[in-house]
Amino acid sequence: MKPMLALAWKMSLAGVCGVMVATPLSAPVAQAAPAVQKVARPGLGWQVTPTGTDARFRGLAAVSRKVAWLAGTGGTVLRTTDAGRTWRGVGPPDAAGLEFRDVEAFDERRAVVLAIGEGDASRVYRTSDGGRTWTLGFRNDEPRAFYDCTTFFDSRHGLAVSDPVDGRFRIISTSDAGRSWRVLPNKGMPDALPGEAAFAASGQCLVSHGGRDVWLATGGASKARVFHSRDRGLTWTVADTPLPSSASQGVFAVAFRDTRHGVAVGGDYRPGEPSPAAAATTSDGGRTWRPAPRPPAEYRSGVVWPTYTGPAALAVGPTGSDGTLNAGRSWTRFDTGSFDTVDCASDGGCWAAGEKGRAGRLTIRAAR
């Protein structure tokens, strides 16, 4: 089923981007004159599903086409197990004042959520029963720390990142599925630039691929950079990107198809501000980054690049969603709705979430 879904997705992006392709397996054929057949090019879209809340969701974990988790403002955590027809509030009972910005889910029962904020507002909770009960795995006791994102290599091993403390980004690690966390030594972390930070905009400032590789996206300083570790966060290298950087600009999200090929998106998060050159690509694991010749036209906060879609990836932001068919070199908008984050499951199910309780499932529709 996965190859079928991947083909349908890529064919749909081809339709959006105006690329003529051979007849896809899932695309209907429109009959014209007897001697001519034209392919009705399909298009991508989001089927928005009512969540029953006006929370802003910047945390999203796509488990499958039927199962997804959302994490947002007001301590809100939602879960669907029926493809978005219904959403159930499953958040920790004592979290109403917290800002959840990331969620990592392993199935419909097991998930980890990250709350952001200064001091002990930064916390990590975990559940193993679909949100009926939660345990607090981490409460920050460093007043200068502010945690932004988390990522997991597998169902047991994960990391979370804080903005710099004593001039370096602070990393915590778990090896027991989020039950306990420890601060990693910072000797292998390069110095942060003045003002440098990660953006807690989509849960994608810290991403991993495989069993050991992890990347950290930053901005807010004189340069927008991407850090890379090959040993689960013990030692890091850092590379400049061509994305503009300032207090409100930088790399907001990265996604990697494998340990070499990645995309970065960002821009200026302030409404109405231009965001030129706000996308880049790498083919060497993040050692070097090249500007996208045709980036998204505006700020994008989230990006996903599944392994099964080849060169096709998706990016989202408050002003729309974009797709690429050529590994991030050019992007084309296919939707104008507001989303903050996007994620795809291994079975091809893709989800997006954002402000005012918006959650959507990616659909493929025939062009008319």
Side-chain angles (χ1 to χ4, degrees), residues 58-59 71 100-104 112-126 136-221 223-239 241 250-256 259 262 264 285-287:
R58 296 184 184 271
F100 288 127
R101 293 292 180 95
D102 203 353
V103 56
E104 301 287 330
V112 173
V113 294
L114 171 72
I116 69 161
E118 296 178 349
D120 67 2
S122 284
R123 305 178 191 179
V124 182
Y125 292 83
R126 67 175 299 274
L136 179 63
F138 173 77
R139 186 197 298 263
N140 176 44
D141 59 3
E142 168 53 67
R144 297 168 296 171
F146 186 110
Y147 285 83
D148 301 288
C149 296
T150 184
T151 189
F152 273 75
F153 303 97
D154 53 45
S155 62
R156 294 185 59 82
H157 300 88
L159 303 175
V161 62
S162 161
D163 290 337
V165 174
D166 293 328
R168 293 181 177 180
F169 284 94
R170 187 179 182 92
I171 304 292
I172 58 172
S173 171
T174 181
S175 58
D176 56 10
R179 292 179 180 86
S180 63
W181 298 77
R182 67 185 181 96
V183 178
L184 294 183
N186 68 2
K187 292 182 180 179
M189 174 67 73
D191 291 339
L193 300 172
E196 190 172 21
F199 291 105
S202 61
Q204 294 168 330
C205 65
L206 187 72
V207 303
S208 56
H209 187 92
R212 305 189 68 81
D213 285 87
V214 58
W215 293 266
L216 164 62
T218 76
K223 298 176 182 178
R225 305 198 293 175
V226 175
F227 294 67
H228 178 210
S229 172
R230 295 184 180 275
D231 55 11
R232 292 185 176 176
L234 293 176
T235 61
W236 298 78
T237 57
V238 64
T241 76
V251 181
F252 280 72
V254 290
F256 279 78
T259 57
R287 287 195 298 272

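- Judged purely by atom type and a 3.5 angstrom limit, Ser229 has no side-chain atom pairing as donor or acceptor with the backbone of Val214.
- Under a 3.5 Å cut-off, the side chain of Ser122 and the backbone N or O of Gly117 do form a donor-acceptor pair.
- For the pair Thr218 (side chain) and Arg225 (backbone), a donor-acceptor distance under 3.5 Å is present.
- A salt bridge does not link Asp148 with Arg101: none of the charged nitrogens is closer than 4.0 Å to a carboxylate oxygen.
- For the residue pair Thr174/Asp176, the side-chain donor-acceptor check at 3.5 Å is satisfied.
- Taking the six-membered ring where tryptophan is involved, the planes of Phe252 and Phe199 are essentially parallel, since the angle between them stays under 30° and well short of 60°.
- Looking at Asp102 and Arg58, no side-chain N of the basic residue comes within less than 4.0 Å of a carboxylate O on the acidic one, giving no salt bridge.
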Passes salt bridge (Lys or Arg N to Asp or Glu O under 4.0 Å), Asp163 versus Arg144? Steps please.
CA-CA 9 Å; Asp163 290 337; Arg144 297 168 296 171; over 6 Å; no
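- At distances below 3.5 Å, at least one donor-acceptor pair connects side-chain atoms of Thr150 with backbone N or O atoms of Leu159.
- Remark: Ile171 CD1 to Phe227 CZ distance equals 9.5 Å, nearest 0.5 Å.
- Within the 3.5 Å criterion, the main-chain N or O of Leu136 finds no donor-acceptor partner in the side chain of Arg139.
- The ring-ring contact (aromatic ring centres under 6.0 Å, His included) with Tyr147 is formed by just one residue from the set Trp181, Phe138, Phe100; it is Phe138.
- Under 4.0 Å is where a charged nitrogen must lie from a carboxylate oxygen, and between Arg212 and Asp231 no such pair does.
- Taking the six-membered ring for Trp, Phe256 and Trp215 have ring centres closer than 6.0 Å.
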